[in-house]
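What follows is a short report on a single structure.
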Amino acid sequence: QVQLVESGGGLVQAGGSLRLSCAASGRTVHIYAMGWFRQAPGKEREFVAAIDWSGDIAKKADSVKGRFTISRDNAKNTVYLQMNSLKPEDTAVYYCAAGGGPSYNGDEYDYWGQGTQVTVSS
């Protein structure tokens, strides 16, 4: 069993930055690929970024390339999402997930956190 807890969300002005953290617990959490997804009101969940267990392979959605960076620290069982140059359209609840991959497909992840709200004002 893996438990995931996100933190770091908040309200920021357009052009600003936030760093989300996802703290994972579980004996074998370090072997899982980790992903970040987001869901805005009235919209479907969408892929943001994912990283393999070693940190060597990372994937990002086209909408965040050049602005967001995913990383992980297996010694701390934590995955990060550094978000720069934020836009109002980045406003959503951000979820981290653990599972096989790294994959763009949320169905391939076995464990999910409760989410953290990110609001970007214009």
Side-chain angles (χ1 to χ4, degrees):
Q1 191 74 5
V2 174
Q3 292 80 41
L4 304 173
V5 179
E6 303 95 335
S7 62
L11 173 64
V12 64
Q13 289 188 334
S17 298
L18 284 173
R19 188 176 81 156
L20 304 183
S21 299
C22 175
S25 61
R27 290 188 301 168
T28 57
V29 65
H30 63 281
I31 69 172
Y32 286 95
M34 301 292 292
W36 286 97
F37 293 77
R38 66 187 182 187
Q39 188 167 20
K43 295 187 177 181
E44 294 185 351
R45 182 182 65 196
E46 66 172 346
F47 169 80
V48 177
I51 191 167
D52 77 325
W53 68 273
S54 68
D56 291 337
I57 300 173
K59 299 179 180 179
K60 287 184 279 190
D62 289 342
S63 60
V64 306
K65 285 181 179 177
R67 300 188 300 123
F68 291 11
T69 302
I70 186 171
S71 62
R72 68 188 296 164
D73 184 339
N74 285 340
K76 296 182 179 180
N77 286 342
T78 302
V79 177
Y80 304 98
L81 185 67
Q82 178 67 44
M83 306 186 296
N84 299 328
S85 301
L86 282 161
K87 304 175 181 180
E89 50 264 43
D90 294 318
T91 295
V93 177
Y94 284 70
Y95 299 90
C96 73
S103 174
Y104 298 98
N105 185 352
D107 292 340
E108 297 188 21
Y109 291 84
D110 301 309
Y111 304 100
W112 292 82
Q114 293 300 307
T116 185
Q117 175 71 46
V118 171
T119 303
V120 184
S121 63
S122 57

Sidechain N-carboxylate O distance under 4.0 Å for Lys65, Asp62: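 Here Lys65 pairs with Asp62 in a salt bridge, since their nearest N and O are under 4.0 Å apart.
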Aromatic ring pairing Trp112/Phe37, orientation class (parallel under 30°, perpendicular over 60°, tilted between):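 Trp112 vs Phe37 ring planes: tilted.
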Parallel, tilted or perpendicular: ring planes of Phe68 versus Tyr94, cut at 30 and 60 degrees: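 The arrangement is tilted - the two ring planes meet at 30° to 60°.
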[atom1]/[X] to [atom2]/[Y] distance, rounded to the nearest 0.5 angstrom?
| X | Y | atom1 | atom2 | value |
| --- | --- | --- | --- | --- |
| Ser7 | Gln114 | OG | CD | 13.5 Å |
| Ser122 | Glu89 | OG | CD | 10.0 Å |
| Glu6 | Cys96 | CD | SG | 4.0 Å |

Shortest non-hydrogen separation from [X] to [Y] and the atoms involved:
| X | Y | result |
| --- | --- | --- |
| Arg72 | Trp53 | NH1-CA, 3.2 Å |
| Leu81 | Ala49 | CD1-CB, 4.2 Å |
| Leu4 | Ala98 | CD1-N, 3.7 Å |
| Val120 | Thr91 | N-OG1, 2.9 Å |
| Arg38 | Ser63 | NH2-OG, 3.6 Å |
| Arg45 | Asp107 | NH2-OD1, 4.0 Å |

Check the hydrophobic clustering (I, L, V, M, F, W, Y; side-chain heavy atoms under 4.5 Å; chains of links allowed) and say if [X] and [Y] are grouped together.
| X | Y | result |
| --- | --- | --- |
| Leu86 | Val64 | yes |
| Leu20 | Ile51 | yes |
| Val48 | Tyr111 | yes |
| Ile70 | Phe47 | no |
| Val79 | Leu18 | yes |

Test side-chain hydrogen bond (donor to acceptor under 3.5 Å, both in side chains) applied to Asp52 and Ser54, step by step: CA-CA 6 Å; Asp52 77 325; Ser54 68; 2.8 Å; yes
Close side-chain approach of Val12 to Met83, heavy-atom, < 4.5 Å: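 No; the side chains remain at least 4.5 Å from each other.
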